[in-house]
Every structure is written in C-alpha cells, then in structure tokens.
Amino acid sequence: MKRKRLLWQLYPSYLLITFALLATVAIYAAEYGRRFYYQRLEAELTARARVLGKVFSEVNLDIATVDPLCKEYGRLSSTRITVVLRDGKVVGDSEENPAHMEPHAQPDRPEIVAALQGRIEPSIRYSHTLRMNMMYVAAPLQRGETIVGVVRSALSLSAIEKGLRAFYMHIAAAGILIALLGAALDYGAARRIARMLEEIQRGVERYAQGDLTHKLPVYNSLEIGSLAEAMNRMAAQMDERMRAIIQQRNELETVLSGMVEGVLAVDADERILKINQAAGRMLGVDISSAHGRSIQEVIRHAGLQQFVARALRSAEPIEADLSVNFGSERALQARGAPLHCEGGECTGAVIVLNDVTRLRQLENLRREFVANVSHELKTPVTSIKGFVETLLDGAMENPEDARRFLGIIARHAERLQAIIEDLLSLSRIEQDGERREIVLEKGLVRGVVQAAVQACRLAAESKQIRIEVASEETLYARFNAELLEQAVVNLLDNAIKYSEPGSAVEVAAQRANGDVVIAVRDYGCGIPKEHLSRIFERFYRVDKARSRKMGGTGLGLAIVKHIVQAHGGQVNVESTVGKGSTFTIRLPGI
Ligand code: ADP
C-alpha cells in the first residue's frame, strides 16, 4: 500500500473543514443580509402605505383627485403608489395612467386581497407593467370602519438586488481572504504536527542505530509531548539495559579471555558463537574472524568436529581426549555439554578444552623415571644377589674367590649407595627449591670454586690431570655454598672422568654482562651434538658402559641443573666431539 505523508492527510481535511465552515458562515451572512434588506424595505413600504392610507381616506376617491396626488407623492418618495378601490378599480397610480389599467383585485395580487381584508401582507413578484421585480405592500383605505380600497406602495427590487450583490461580493472577497488565511494557518498547523512526528521518527531512527543518549524534544502538545516523554524514558531504560548487557558481555569476555581453559560455544548448526583466546591458541584459530562461521570451516580437526557434533546430540555432558597439532603436538582433554532452551530443544553446545600436554609429559617423565630407577637399581642388586649365591654355592670355600667376589659385591653396594644418595640429594634439592627453603647468602664465588677444586684434587691427581683455576678476586654472588660447591664438584668430576690422563681442566669464575659465570672446561672426549639437549635429564648418559665403569650414576648433571635453578640461574654446555666440553653455570649478579 502506498503510504501518504501525514501532512497530505491532515491538510486536506483541515482545508475541507475550514472551507465548509466558511461557506456556512458566508451563506448564513448572505441570507441574513438579504432578509434584513427585505424587512427594511417591507417596513418602509408599509409605513408609506399606512401614511398614504390616512391621507387618501380624507379625499375624494376619484381619478381626478387621487391620481395627481399619487403622482406627486410617488415622485417625492421615489415609490410607486397605486390606489385601488374595493371593486379593483385603479383610481391613482404614480407611474401609469389609471384609466388604462386593468382592475387590481385579482387573487394574483395577494397584497391587495389581504389589505381589503384588513391585513398587511407584502408580495414580491414580477411587474408586467414595469417589467421588473417589485415588492408590493398594501394598506387598507378606510372610511370610518369600512375598508373602501387600498393604498399600495411598491418599489423595484433592482436597487436592493444591486446592494445585495455588492454585499455578496464583499462577503465573497472576505471569505476568499479568510479562506486563504485559513489555508495558510491550516498548513502551518498540519505541518507543525507532521514536524513533531517527523522529529520523533528521526529520533527513533537514531535509537535504532544505537544512539540511545539522544533526547526527543518534549512538545507542548499533550499527546505528542507525552509520546516523546515515553520514548525518552524507553530510550533511557534501553540504554541502561544495553549498558548492563555490554558490561555483562565485557565481564564474560574478560573471564573467558583470562581462562587457561579453551572455551568454545556453538549453535545448533555448528556455527561458532564464542571462542576464547586459549581455545584459539590450542586450535590454531584466529578468533577475531571465527564468529558466525561453521566449525568445519574454522577448525580443521576431524576429531574435534565429531566431538562437537556428539555434544550437540547427546543429552548428557561428554568427555574425550584429543591430540591436536597446530604448530606443536598437544594433548587436549575436551568436555562438551549441550545447551538447552526452555522447551528442552538443543540450541547449541559448550566445549571446554584443557591443555593436558604438560600433565601427560610429567606423567611420562614419572613413568620413565620409575623405570629408570628400577633399571639402575636392578643391575647392582642382581649382581650382588648373583655373587652372594655363588659364594653360598661353595665359592666361599675358596678364600681367593671369596675375597674377589666380596670385593665385587662391595663395589655394587657402593654403586647402589651412590645412586640412592644422588637420588636423595636430587629430591631434596628439588623439594627445597620448590618450597624456596634453600637459603642463599652473599659470598665470594672464588671460595666455592676453590673448595670444589680441593674436593676433586685427589681424583685429578690419580689421572695426572691439572686443574687450572682463574677466578676474579672480588666476585660476589648470592648462593648456598654447600650446594654450589656440589654443582661445581659434579662438573669437575665429569671433566676429570671424561678426559684422558695428563690433560688439563680449567675452572674460571668471572662477571659477564652483569651475571656471575662459572665455567668448567675440559679437553676430553666431548659430547655428540644430538645428546647435548638431553644430558641434564636424570639417568641420561651418552655412553652407558663408560659412565658405569667410571662409577657415574647418570644423576650428576641433573643435580647441577636443579642446584643452579634453585639459585635462579642457568646451566649450559658447549661441546665438540674429540676436543672437549665447556659447562657454564650462570648466576644472577648482585
Ligand atoms: P654420569 O654420572 O654418568 O657422569 P652425569 O649426569 O654427570 O652422569 O652426566 C651425564 C652424561 O653426560 C654422562 O654420562 C656423559 O656421557 C656426559 N658427560 C657429562 N660431562 C661430560 C664431559 N665433561 N665430557 C664428556 N661427556 C660428559
């Protein structure tokens, strides 16, 4: 349906009403004016007829007397005056010769008929004698009580009609003027209403565009003013609600973005409603462009797609372990729950993803560690058991064998002890480090280095290895002397173990880039590149047989790493096969 502007709906009706009112008033005024003129004329003619009736009642009623009088009075009063006798005979007429006039008592001259009966009744009709519209008023002509004739006064209506026409013209001109003025006022009034509504409409459009702070002007028109007030109230409430919704949304965003867990919400068509940063990171998704797109399009992981589909279908929350690889291999634990609307229909699902990669790694490490420990302990225990059995089986009888076997048993027992001691000190350092119970004190690094060198002197001498120390005199750091000494001893011990007899081992302690660096360098067998990243792991050895032969437990470097970490430092290694290795402990300087 074609819609019309309110202005063009209001204005025509206003115009119609104005014109109708004007026309009514104009017609009424014209009619009233016409009647007024006629009544005035009638009153005048009646007065003249009455006066003349009195005059003529005292003269002889013959043509010779009456007619000249009629002509004279007629001229004086500009009125046609006619005197008619009871029998209808005209005895005088101001305009005509009565001798030539027909008798005037016919019923088509009602004024004469009425006057003969004593009444005065005006009559308007066309005069054939004068050929114009006339008003006639006749008054009885009495002699004593007897009506002997009538005196009639008459006037042409043309003057009145001319006057009336001028009057009508005035009314019409005033009417047109008033109509024009009215039309302009009507237009103004209609325009004002239309304007107010247009302004409200524009305001509502701004509301629709989200500008809820806009205020509509409150007009003095009761209804439109109330409408504007109601709209302003509505906008204020909507604004308040919108703010509350935005705040809630922001809170939700903050919570979601602060979560370590990945959160993914989808609708019933598997389109993404929400995805937080953590989920974006885990699934390799750019979250800024993911909203509204289907999960198949955004997340290229068949397992997760199936999981989402399952979560949407299932009535209960579900769980699954997923493995994803978007850049790096990650283990995810997924929990999915369908979202139900009030009617119980499924409207979507929420998936929460937990990155359990670290947990799984730790579990693996623990498993590996237990296997390693068991394996490490098994060898000496098996050997001890074997030699004890051999001794019991008779080898004891031979004192030489017995001595040899007991020697082997003692070595394995020592090895067991060394492993257990290393394990205990490792776990102690680890625990104390975690609980921050390791006491660090400011001290001279040089002292620690010298104590460690002293501790290794015997081992070095037995292999004719020189230990060269280069340490800054006033090099201070915060450390736990006992632990740091153990770390340096472990490094020196390895350097001696894996060096050829007669070679040199260098220990240097100095400041570098604000840090305190203790470097232990040897010119021994070196470590192949592929092992470098793993030698700080527990029980990791490059050459198992050699390490065992040397009495190594495979825990020495792990202990160093934990001690250095407990000091807030780092340990690194550089090595070239056949040329030697340099282990560096880097502690934060003070
Ligand atoms: P181990 O008790 O076997 O020496 P460590 O944890 O101290 O155990 O060292 C781990 C492994 O790293 C050793 O088995 C050895 O293969 C290698 N390694 C350590 N230090 C050196 C070194 N200075 N030169 C060559 N290899 C070394």
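Just so you know, ligand 1 is whichever comes first in the structure, and atom 1 is the first atom listed for that ligand. We're numbering straight along the sequence, starting at 1. No hydrogens, no waters, no symmetry mates; every other heavy atom, side chains included, goes into these values.
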Exercise for the section: For residues Leu557 and Phe583, determine if any side-chain heavy atom of one lies less than 4.5 Å from a side-chain heavy atom of the other. Expected result: yes
Exercise for the section: Measure the shortest side-chain to side-chain distance between Cys456 and Ile496 over non-hydrogen atoms and say whether it is less than 4.5 angstrom. Expected result: yes
With a 4.0 Å heavy-atom cut-off (strictly under), which part of [X] contacts ligand 1: side chain, backbone, both or neither?
X      : answer
Ile527 : side chain
Lys497 : side chain
Ser499 : neither

Thinking salt bridges, do [X] and [Y] make one under a 4.0 Å N-O criterion?
X      : Y      : value
Glu430 : Arg538 : yes
Glu319 : Arg310 : no
Arg466 : Glu506 : no
Arg446 : Glu472 : no
Glu363 : Arg366 : no

Exercise for the section: Consider ligand 1: state whether an atom of it lies below 4.0 angstrom from any non-hydrogen atom of Phe536. Expected result: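 No; Phe536 lies far enough from ligand 1 that no heavy-atom distance drops under 4.0 Å.
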Problem - Whether over 12 other heavy atoms sit under 6.0 Å from Met242 CE - result: no
Handout entry: Exceeds 12 heavy-atom contacts within 6.0 angstrom, atom CZ of Arg195
Key = no
Practice task
Give the C-alpha distance, both sets of side-chain angles, the deciding distance and a yes or no for salt bridge (Lys or Arg N to Asp or Glu O under 4.0 Å) between Arg511 and Asp515.
Solution key: CA-CA 6 Å; Arg511 189 175 291 279; Asp515 289 342; over 6 Å; no
Identify the closest protein heavy atom to [atom]: which residue and atom is it, and at what distance?
atom                    : value
atom 12 (O) of ligand 1 : Ile535 CG2, 3.7 Å
atom 21 (C) of ligand 1 : Tyr498 CD1, 3.5 Å
atom 8 (O) of ligand 1  : Gly554 CA, 3.2 Å
atom 10 (C) of ligand 1 : Tyr540 O, 3.3 Å
atom 23 (N) of ligand 1 : Asp522 OD2, 2.8 Å
atom 3 (O) of ligand 1  : Ser547 OG, 2.5 Å
atom 5 (P) of ligand 1  : Leu557 N, 3.6 Å
atom 17 (C) of ligand 1 : Val542 CG2, 4.0 Å

Practice task
Could you check which of Asp493, Asn494, Val560, Asp422 puts a non-hydrogen atom nearest to atom 19 (C) of ligand 1?
Solution key: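 Ranked by closest heavy atom to atom 19 (C) of ligand 1, first place is Asn494.
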Short list, please: which atoms of ligand 1 are under 4.0 Å from a heavy atom of [X]?
X      : answer
Cys525 : 25 (C)
Ser581 : 24 (N)
Gly556 : 5 (P), 6 (O), 7 (O)

Handout entry: Criterion salt bridge (Lys or Arg N to Asp or Glu O under 4.0 Å) on Glu198 and Arg5, from CA distance to verdict
Key = CA-CA 10 Å; Glu198 273 167 23; Arg5 285 185 62 185; 3.3 Å; yes
Exercise for the section: Check whether any N or O atom of Gly552, backbone or side chain, sits under 3.5 Å from an N or O atom of ligand 1, and answer yes or no. Expected result: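 No - when backbone and side-chain N and O of Gly552 are compared with those of ligand 1, no distance drops under 3.5 Å.
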